[in-house]
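Predicted model only: the values in this text are computed from it and were never measured.
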Amino acid sequence: QVHMVESGGGSVQAGDSLTLSCVVSESTYVGLCMAWVRQAPGSDREGVARIYIGHSPIYYADSVKGRFTVSQDNAKNTLYLQMNKLKPEDSGMYYCGAKPKWKSEWCYGDKAPRDFDTWGQGTQVTVSS
């Protein structure tokens, strides 16, 4: 069973930056397709970014391209989401999700949040104008 814990959210002004972290349980950090998703009140979860551990980022939502960057520190079993030039519409609860897949090909296909098995508890991001 994969366990993740997100952190790093907060309340910021438009144009500011935040870095979210997702620490993954050590024994399960390999062979994972990982996703960052967000959910605003009253809305469905929206995919933000996706990466296969050990590979380069695979997907960014159009709304965050050029502003958000996914990275990983494999020594710390941690996935990051660097968010720059934040906008009020970026506000929401941010979750990291995981799907164990020993072959990376699955992660490169078109994926929705419902395709992921396990989620962390989320971290709140609020951006004020």
Side-chain angles (χ1 to χ4, degrees):
Q1 184 76 23
V2 182
H3 296 282
M4 294 93 70
V5 178
E6 301 98 329
S7 63
S11 296
V12 297
Q13 296 291 316
D16 286 350
S17 298
L18 280 174
T19 300
L20 307 184
S21 300
C22 172
V23 180
V24 183
S25 51
E26 181 176 350
S27 63
T28 56
Y29 189 65
V30 293
L32 290 176
C33 180
M34 303 289 297
W36 282 104
V37 304
R38 63 189 180 191
Q39 187 169 24
S43 299
D44 293 332
R45 289 189 179 186
E46 172 194 11
V48 173
R50 187 167 73 247
I51 189 169
Y52 189 81
I53 297 299
H55 291 212
S56 298
I58 295 168
Y59 166 82
Y60 291 103
D62 288 342
S63 58
V64 307
K65 281 181 182 176
R67 299 188 298 121
F68 289 15
T69 303
V70 176
S71 63
Q72 54 195 308
D73 184 338
N74 296 337
K76 297 181 178 179
N77 295 352
T78 301
L79 195 69
Y80 300 100
L81 183 67
Q82 172 70 41
M83 306 186 295
N84 297 328
K85 300 179 181 179
L86 282 162
K87 303 176 181 180
E89 52 263 43
D90 294 319
S91 297
M93 187 70 79
Y94 281 70
Y95 301 90
C96 64
K99 177 76 172 181
K101 285 289 181 182
W102 285 110
K103 293 187 177 181
S104 64
E105 287 79 1
W106 183 89
C107 201
Y108 285 83
D110 188 18
K111 295 292 176 285
R114 65 179 177 273
D115 294 317
F116 291 80
D117 291 329
T118 307
W119 299 94
Q121 84 290 348
T123 185
Q124 179 68 40
V125 173
T126 303
V127 185
S128 302
S129 57

Heavy-atom distance under 4.5 Å between the side chains of [X] and [Y], does that happen here?
{"X": "Met93", "Y": "Arg38", "value": "no"}
{"X": "Met34", "Y": "Val70", "value": "no"}
{"X": "Val30", "Y": "Ile53", "value": "no"}
{"X": "Leu20", "Y": "Val125", "value": "yes"}
{"X": "Val12", "Y": "Thr126", "value": "no"}
{"X": "Tyr52", "Y": "Ile58", "value": "yes"}
{"X": "Ile51", "Y": "Trp36", "value": "no"}

Is there a donor-acceptor pair under 3.5 Å between the side chain of [X] and the backbone N or O of [Y]?
{"X": "Glu46", "Y": "Val37", "answer": "no"}
{"X": "Arg50", "Y": "Tyr59", "answer": "no"}
{"X": "Gln72", "Y": "His55", "answer": "yes"}
{"X": "Gln124", "Y": "Tyr94", "answer": "no"}

Side-chain donor-acceptor contact under 3.5 Å, Thr78 with Asp73: no
Indicate whether the side chain of Thr19 and that of Gln82 have a donor and an acceptor atom separated by less than 3.5 Å.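 Thr19 vs Gln82: donor-acceptor pair found between side chains.
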Using 4.0 Å as the upper bound for N to carboxylate O, is an ion pair formed by Asp90 and Lys87? no
Examine Phe116 together with Trp106 and report whether their ring centres are nearer than 6.0 Å.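 Under 6.0 Å, so yes.
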Atom [atom1] in [X], atom [atom2] in [Y]: separation rounded to 0.5 Å?
{"X": "Lys101", "Y": "Asp115", "atom1": "NZ", "atom2": "CG", "answer": "9.5 Å"}
{"X": "Ser25", "Y": "Asn77", "atom1": "OG", "atom2": "CG", "answer": "8.0 Å"}
{"X": "Gln39", "Y": "Ser91", "atom1": "CD", "atom2": "OG", "answer": "13.5 Å"}
{"X": "Phe68", "Y": "Met83", "atom1": "CZ", "atom2": "CE", "answer": "5.0 Å"}

